[in-house]
Amino acid sequence: MATYIIIGGLGLFSLLHLVTATRKVRSAIVAQLGELQYKGLFSFASLVAFGTAVYGYVQGSYVEYWVASSAVILLQSFLLMPVAIILIVSSYISKGTQRLTRHPMLMGVTIACFSHVLVNGNLAFILFFGGLGGYGVLAMIWSDHQRRISRDPEDQFFLEQTGYVPVFGRLHQNNGDLLPRLGTLGPVIGTACYGLAITYHGQLLGVSPLSSILTP
């Protein structure tokens with residue numbers, strides 16, 4: 001039963017976000033409800049959907065499919081997660097983070113979710129984090145599609161000037177760029193947040209990456 005609750009909750013969460021990311025649909029809803037009412041209803045529905053998925057995850061029985069090796073834990077904890085957290089944190093500090101990747105917040109969430117699946121072979125964990133990571137991929141693809149079909153020149157410039165993986169030439173601001181410079185504040189604060197996360201992960205969530213590596 002928990003499996004279906006997780007799938008249903010994340011399915012509804014994804015559908016809500018993808019539908020409202022469709023510009024014509026969002027504009028029509030806002031025109032009917034008003035901006036404030038739309039945001040309130042959307043936030044409430046998203047919270048209910050996500051909360052349902054979390055409830056299913058908590059209620060799920062432990063069914064293990066694999067145990068991660070020390071090498072995989074090292075890769076996840078000290079390479080993938082720093083990148084994910086830096087992207088997520090930086091995305092809220094500067095739009096210049098889009099010089100690293102077109103959708104820094106979604107890319108960070110996707111990397112974080114799939115990297116956690118690598119080190120946790122529990123079925124409920126796979127469904128929850130794998131599903132959330134899958135949503136991140138779909139959201140990036142759908143957002144790009146909305147820009148491609150848009151008639152706004154800025155959308156086309158944005159697609160031309162950004163990408164999914166960093167390119168050295170994009171890291172520096174040039175004439176005609178839509179994006180501000182990358183800067184250092186976002187990555188620095190993101191690195192500090194990663195340091196806090198790796199330090200207190202065990203105390204907050206009961207699992208320490210370093211302890212997992214050292215435990216035979």
Side-chain angles (χ1 to χ4, degrees), residues 1-22 25-26 29 33 36-68 72-73 75-77 80-92 103-143 189-190 193-212:
M1 186 64 181
T3 296
Y4 299 110
I5 295 175
I6 296 172
I7 294 173
L10 286 181
L12 179 57
F13 178 85
S14 301
L15 183 63
L16 283 168
H17 282 75
L18 293 174
V19 167
T20 54
T22 305
V25 174
R26 186 187 187 281
I29 296 174
L33 300 178
L36 187 61
Q37 289 83 354
Y38 159 75
K39 288 183 176 179
L41 182 61
F42 174 76
S43 298
F44 175 75
S46 296
L47 185 62
V48 170
F50 191 75
T52 299
V54 171
Y55 174 78
Y57 169 73
V58 172
Q59 295 298 315
S61 56
Y62 190 85
V63 181
E64 189 172 74
Y65 285 96
W66 65 77
V67 177
V72 172
I73 296 174
L75 173 68
Q76 189 265 352
S77 300
L80 297 177
M81 283 308 298
V83 171
I85 292 176
I86 288 171
L87 287 177
I88 293 170
V89 173
S90 296
S91 71
Y92 289 99
H103 307 285
M105 191 274 287
L106 287 171
M107 182 65 77
V109 169
T110 300
I111 293 173
C113 288
F114 285 142
S115 71
H116 273 75
V117 171
L118 286 176
V119 297
N120 292 276
N122 175 26
L123 177 60
F125 207 100
I126 295 168
L127 290 173
F128 183 82
F129 284 93
L132 198 57
Y135 156 73
V137 173
L138 289 175
M140 288 186 280
I141 294 173
W142 189 243
S143 176
I189 295 178
C193 290
Y194 164 73
L196 291 172
I198 197 72
T199 300
Y200 295 103
H201 194 281
Q203 297 179 29
L204 294 174
L205 301 176
V207 179
S208 170
L210 287 175
S211 298
S212 299

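If you're wondering where the values come from, they're calculated on a predicted model, not measured in any experiment.
In this structure, Tyr65 has no side chain to side chain donor-acceptor pair (under 3.5 Å) partners at least two apart in sequence or on a different chain. Qualifying ring-ring contact (aromatic ring centres under 6.0 Å, His included) partners for Phe129, counting only residues two or more places apart in sequence or in other chains: His116, Phe125. In terms of the side chain to side chain contact (heavy atoms under 4.5 Å, CB included) criterion, residue partners of Ile6 (sequence neighbours excluded) are, by chain and number, Leu10, Tyr57, Ala124, Leu127, Phe128. In this structure Leu118 satisfies the side chain to side chain contact (heavy atoms under 4.5 Å, CB included) test together with Val72, Leu80, sequence neighbours excluded. With sequence neighbours excluded, no residue satisfies side chain to side chain donor-acceptor pair (under 3.5 Å) with His201. Take Thr22 and apply the side chain to side chain donor-acceptor pair (under 3.5 Å) test, not counting sequence neighbours, and it matches Trp142.
Taking CG from Asn120 and CD1 from Ile73, the interatomic distance works out to 8.5 Å, rounded to the nearest 0.5 Å. Here Leu47 contributes atom CG and Phe13 contributes atom CZ; the two are 9.5 Å apart, rounded to the nearest 0.5 Å. One finds the CG atom of Leu16 at 10.5 Å from the OG atom of Ser43 (value rounded to the nearest 0.5 Å). Summarising the geometry, atom CG belonging to Leu106 is positioned 8.5 Å from atom OG belonging to Ser91; distances are rounded to the nearest 0.5 Å.
Of the possible donor and acceptor atoms, none in the side chain of Ser143 sits under 3.5 Å from a partner among the backbone N and O of Ala139.
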(Q) Run the side-chain contact (heavy atoms from CB on, under 4.5 Å) test on Ile198 and Ser77 for me, step by step, so that the C-alpha distance in whole Å, both residues' side-chain angles and the decisive distance to 0.1 Å come before the verdict. (A) CA-CA 8 Å; Ile198 197 72; Ser77 300; 4.2 Å; yes
Q.
Would Leu12 and Phe50 count as a side-chain contact (heavy atoms from CB on, under 4.5 Å) here? Give the steps.
A. CA-CA 8 Å; Leu12 179 57; Phe50 191 75; over 6 Å; no
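In this structure, the side chains of Ile126 and Trp66 come closer than 4.5 Å at one or more pairs of heavy atoms. Using a 4.5 Å heavy-atom threshold, the side chains of Tyr194 and Val89 count as separate. Contact annotation: the side chain of Asn122 never approaches that of Glu64 to less than 4.5 Å [non-hydrogen atoms, C-beta and beyond]. Contact check for Ile88 versus Pro104: no side-chain heavy atoms found under the 4.5 Å cut-off. Arg26 is not listed as a side-chain neighbour of Val19, based on a closest heavy-atom distance of 4.5 Å or more. At a threshold of 4.5 Å between non-hydrogen side-chain atoms, the residues Thr20 and Val25 do not count as touching. Counting heavy atoms from C-beta outward, Cys113 and Val109 have side chains that approach closer than 4.5 Å.
Smallest separation of non-hydrogen atoms from Gln59 and Ala2: C-CB, 4.0 Å. Leu33 and Leu41 get closest at one heavy-atom pair: CD1-CD2, 4.0 Å. Scanning both residues, Ile86 and Ser90, for their nearest heavy atoms gives O-OG, 2.7 Å. Contact between His17 and Ser46 at its shortest, heavy atoms only, is CE1-OG, 3.4 Å.
For Tyr62, the OH atom counts as densely surrounded, since its 6.0 Å shell holds more than 12 non-hydrogen atoms of other residues, nucleotides or ligands.
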